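Written below as structure tokens is the structure these notes are about.
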There are 2 protein chains.
Amino acid sequence: MTRRLLFNAFAHITPNHHTHGYWRHPDGRIQRDYHRLQPWIDLARTVERGKFDTVFLADVVGVYDTFRGNGDTAIRTGMQFPSLDPASIVSALGAATEHLGFAVTSSVIQSHPFDFARKMSTLDHLTGGRVAWNIVTSYLDNAARNFGAARLTDHDERYRWAEEYVDVAYKLWEASWEDDALVADPERGVFADPAKVHKIHHRGARYAVEGPHLSEPSPQRTPLLFQAGGSEAGRDFAARHAEATFIASRTPESAARTVADLRARARALGRADDELKIIVALAPVIGPTEAEALRRRSEIKAWLSLEALQAFYSGSLGVDLADIDPARPLSDLLATNHVRGNVRAFVESAPKHAFTFGDLLKETNSARFAGTPEQIADEVERYAAAGVDGFNVFPVATLGWWDEFVDEVVPVLQRRGLMQTAYTPGTLREKLHGRGAFLPDHHPARRTRAAVRALDAVDTVPRPA
Amino acid sequence: MTRRLLFNAFAHITPNHHTHGYWRHPDGRIQRDYHRLQPWIDLARTVERGKFDTVFLADVVGVYDTFRGNGDTAIRTGMQFPSLDPASIVSALGAATEHLGFAVTSSVIQSHPFDFARKMSTLDHLTGGRVAWNIVTSYLDNAARNFGAARLTDHDERYRWAEEYVDVAYKLWEASWEDDALVADPERGVFADPAKVHKIHHRGARYAVEGPHLSEPSPQRTPLLFQAGGSEAGRDFAARHAEATFIASRTPESAARTVADLRARARALGRADDELKIIVALAPVIGPTEAEALRRRSEIKAWLSLEALQAFYSGSLGVDLADIDPARPLSDLLATNHVRGNVRAFVESAPKHAFTFGDLLKETNSARFAGTPEQIADEVERYAAAGVDGFNVFPVATLGWWDEFVDEVVPVLQRRGLMQTAYTPGTLREKLHGRGAFLPDHHPARRTRAAVRALDAVDTVPRPA
């Protein structure tokens, strides 16, 4: 039995998202023209033709500055730098498409939740309910220092911050406007019923927000909630809040372990398995034959920039990898006590064919798998069998690559019943979860409704002048 | 001698921008459909056909809650409520047009300058340099309480806040990337030169921002700077920073006084007169004959909501007007000592035909003037003679009204040389000021360049681990 899986086109408005160094390739137009609108419109139309669920817009709000203690390498290699604002492109892509969703990454450190909630409601209105929020907490010291902190807040504290942040947003999205608050009756001259538009009176450790929400309820109210975080705190957050979570995994076997763990956490909170879609990366090099795919993969790997990869993994692991010689064998590294924590886990995750640390770095998220469309579909089925619900598809060679995936791989996936052949009507949430435009009533977002109304009743007495 | 004046289509993503109550009219589609994309795309294309300079997107980040001490009236009448995020619509309108500019209102209280500066750079990239920022400081207590303050910050302190806010943004836009920092050379594999991409190391009363800016220089670097503020502090701010300022004025004579005052302030700072464009409202009811225009004006006035106007002026004057009976004669009000400050000035500004306070409230910004296209052009010339450089055109009856203005009034203005007949190539700044895409070097934004480089030199020593 097969089931329809989710497919997101993974993207970032930056010269180099994951195939670090590939912007130098002559085919790298979207990477060099990353700051123009047209290549993104082209991409959106292409993946909508391929019945993708969303364009998943990644983001960072700082430069990768862990490697050698500065951002020079990231700046020189254009490694996720520049990094433009993903939300700004959504209305244009929404106007150019009809069904495609847009997942916007936004960190709790970068914007105030009142302003952010209004922006997401606006985008949900303008796209007819096709917006998702990828909730992140940032992992770069420079990002923290761009927003007034001396360094990155402690990891668990960042998730406590995220808890308050989403609580504010939930109250605005779900609780501020009752379902029948919008009247819009020209005869009576009533646009909205003030008795049903509530202040939220939020007071927490970081935020004090009065409300009401400045947007009438958008098609989904709360945008579809994506999240990506592999730590204990991150998994708990996903189990509690996310409707889709993006997990790191190098094999179907490791994916299966993470899926089991996340499902257990979500079930413990009373959530059904299909309320939380679990997504892994899919970064295939496509070829008409396996040999040609492998040849292309070698060619792509030759374009990779080792120092850009050092800068990338230093930032994402939170450890300066400058002291580890890329030529050093992995076995040698594992024999020392100096390699600990995150870095040891990273080294232990190496595939068998990686011999040196440099080999491992080049096992980047892009171009990880190479094969024919049928072999790619086999790989997709292996992940599906491991309990995975969908994929963030990484472009490995941009532009031409998206057409190739849509023209060559998508028909095979569709023939096997793994990918949808037509869009379901309705909002993004209805397309993905099939149970209405809004979150289910037991979700923490919906549970803010009663609390806000109880609070607001206290405020019906006019304030003293 | 005539000169080409500026024309902005004044808009707000809200059911009722200024013709308060008009959303109830059967023609009010864009007002009731304010949260959908298509009417805005239609509007942008219409005014681009009419060779308007920009769509000027107004905004508020709170509900008008001064009247009777609560927001009920604004909520019930849809008076600038809901109020959606203007920046979110820009990329879609940019994709639908070729030359039109987009002025985005954003308050210093609503977003962090690092995030805001990146967003504006992104929009400037995506539109090919057609973005302006209307710098505001907010005037509603509820807006302040949505962002953590107990009440609105003192007026002069808000401008000190704005000074620091623009300083941070300027450093990111102008100083962080040197002109030749972007290399983008695939052969050498160098995307940007780290020695020419600077941290800004901003430390001020409210913000600590490290940088670098996460956007390569956009076509204009700093977006075109609009401002609107009539107070002493507001005028000083405009004279120092703004490239266009929107002044309140009921007559050409009062406009002339404000123009003289602003010009004197700007000259004292070494700025040429044409560096600061001065803009007034133009809200004409159009008719084929004067009699028909006046009849239409009466009809529009009949749709006005007096209580929405009470709520609007209470908020914009910062005084609860609930105690002033709209039926009360203005002469009577001026005879009492209870009417002071802002409210007295407001009453004194009343046109001769306004007899009661309610009459004055209905002299709202919309539908202020009525006439044939030739008479409207005469009115435009009177303001031009008073030294005004352009107009924020208020739609008085939406949708059909924009077509009418473009088809009937624009040709008359163009024939008289008052309005451009074709767009100048280049960025919005080049279109409006004709002296290059960037701000002149004596502008405070450009003067941040030397300071940032001096600071950054100190930081070339790697930080301790």
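Everything quoted here is computed from the prediction, not taken from an experiment. First the proteins, then the strands, lettered A, B, ... as listed; each starts at 1.
Atom CZ of A:Arg145 and atom CZ of B:Phe114 lie 11.5 Å apart (nearest 0.5 Å). To the nearest 0.5 Å, the span separating NZ on A:Lys196 from CD1 on B:Ile75 amounts to 13.5 Å. Interatomic distance, B:His125 NE2 to A:Ile89 CD1, rounded to the nearest 0.5 Å: 11.5 Å. One distance of note links OG of A:Ser106 with CG of B:Asp115; it measures 7.0 Å at 0.5 Å rounding. How far CD of A:Glu210 is from CG of B:Asp141: 8.5 Å, rounded to the nearest 0.5 Å.
Among B:Arg36, B:Gln110, B:Arg206, the residue with the largest count of heavy-atom pairs under 4.5 Å with chain A is B:Gln110. With chain A as the partner, the residue from B:Ala87, B:Ala144, B:Gly71, B:Gly62 showing the most heavy-atom pairs under 4.5 Å is B:Gly62. Interface remark: of the candidates A:Ser83, A:Gly148, A:Gly128, A:Ser83 forms the most heavy-atom pairs closer than 4.5 Å to chain B. With chain B as the partner, the residue from A:Leu123, A:Leu182, A:Ile41 showing the most heavy-atom pairs under 4.5 Å is A:Leu123. Contact count versus chain A (heavy atoms, under 4.5 Å) is highest, among B:Ser111, B:Gly94, B:Pro212, for B:Pro212.
The backbone N or O of A:Val209 lies less than 3.5 Å from no partner atom in the side chain of B:Asn146, so there is not a single donor-acceptor pair. Under a 3.5 Å cut-off, the side chain of B:Thr122 and the backbone N or O of A:Ser88 do not form any donor-acceptor pair. A donor-acceptor contact shorter than 3.5 Å is absent between the side chain of B:Ser215 and the backbone of A:Leu84.
For a residue to count as touching a neighbouring chain, one of its non-hydrogen atoms must lie under 4.5 Å from one of that chain's; by this rule B:His202 does not touch chain A. Only the backbone of A:Asp185 comes within less than 4.5 Å of a heavy atom in chain B; its side chain stays farther off. Heavy atoms closer than 4.5 Å to chain A are found nowhere in B:Asp124, neither backbone nor side chain. Heavy atoms closer than 4.5 Å to chain A are found nowhere in B:Tyr207, neither backbone nor side chain. For A:Ala192, the parts lying near chain B are the backbone and the side chain together; criterion is any non-hydrogen pair under 4.5 Å. For B:Val60, the part lying near chain A is the backbone, with the side chain staying farther off; criterion is any non-hydrogen pair under 4.5 Å. Contacts of B:Ala95 with chain A are made by both backbone and side-chain atoms, with heavy-atom separations under 4.5 Å. For B:Asp320, no part lies near chain A; criterion is any non-hydrogen pair under 4.5 Å.
Residues passing the ring-ring contact (aromatic ring centres under 6.0 Å, His included) test with A:His12, sequence neighbours excluded: A:His17.
The aromatic rings of A:Trp177 and B:Phe81 sit parallel to each other, their planes meeting at less than 30°, with 60° as the upper class boundary.
Pairing each heavy atom of A:Ser91 with each of B:Leu37, the nearest pair is O-CD2, 3.9 Å. Considering every non-hydrogen atom in both B:Val63 and A:Leu214, the closest pair reads N-CD2, 4.1 Å. Nearest heavy-atom pair across A:Ala184 and B:Trp23 is C-CZ3, 3.9 Å. Pairing each heavy atom of A:Pro82 with each of B:Glu216, the nearest pair is CG-N, 3.7 Å. Here the closest heavy-atom approach between residue B:Pro15 and residue A:Phe191 is recorded as CG-CZ, 3.4 Å. Residue B:Arg24 comes nearest to A:Gly189 through the heavy atom pair CD-CA, 3.5 Å, listed as atom of the first residue, atom of the second, then distance.
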Evaluate the side-chain contact (heavy atoms from CB on, under 4.5 Å) criterion for residues A:His112 and B:Ile109: first the C-alpha distance (whole Å), next the side-chain angles of each, then the deciding distance (0.1 Å), finally the verdict. CA-CA 10 Å; A:His112 190 284; B:Ile109 75 169; over 6 Å; no

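Electrostatic pairing of A:Asp65 and B:Lys199 does not count as a salt bridge here, judged by no charged N lying under 4.0 Å from a carboxylate O.
Evaluation of the side-chain hydrogen bond (donor to acceptor under 3.5 Å, both in side chains) test over residues 72-82 of chain B, restricted to residues two or more places apart or in two chains, returns B:Tyr64-B:Gln80, B:Arg76-B:Glu307.
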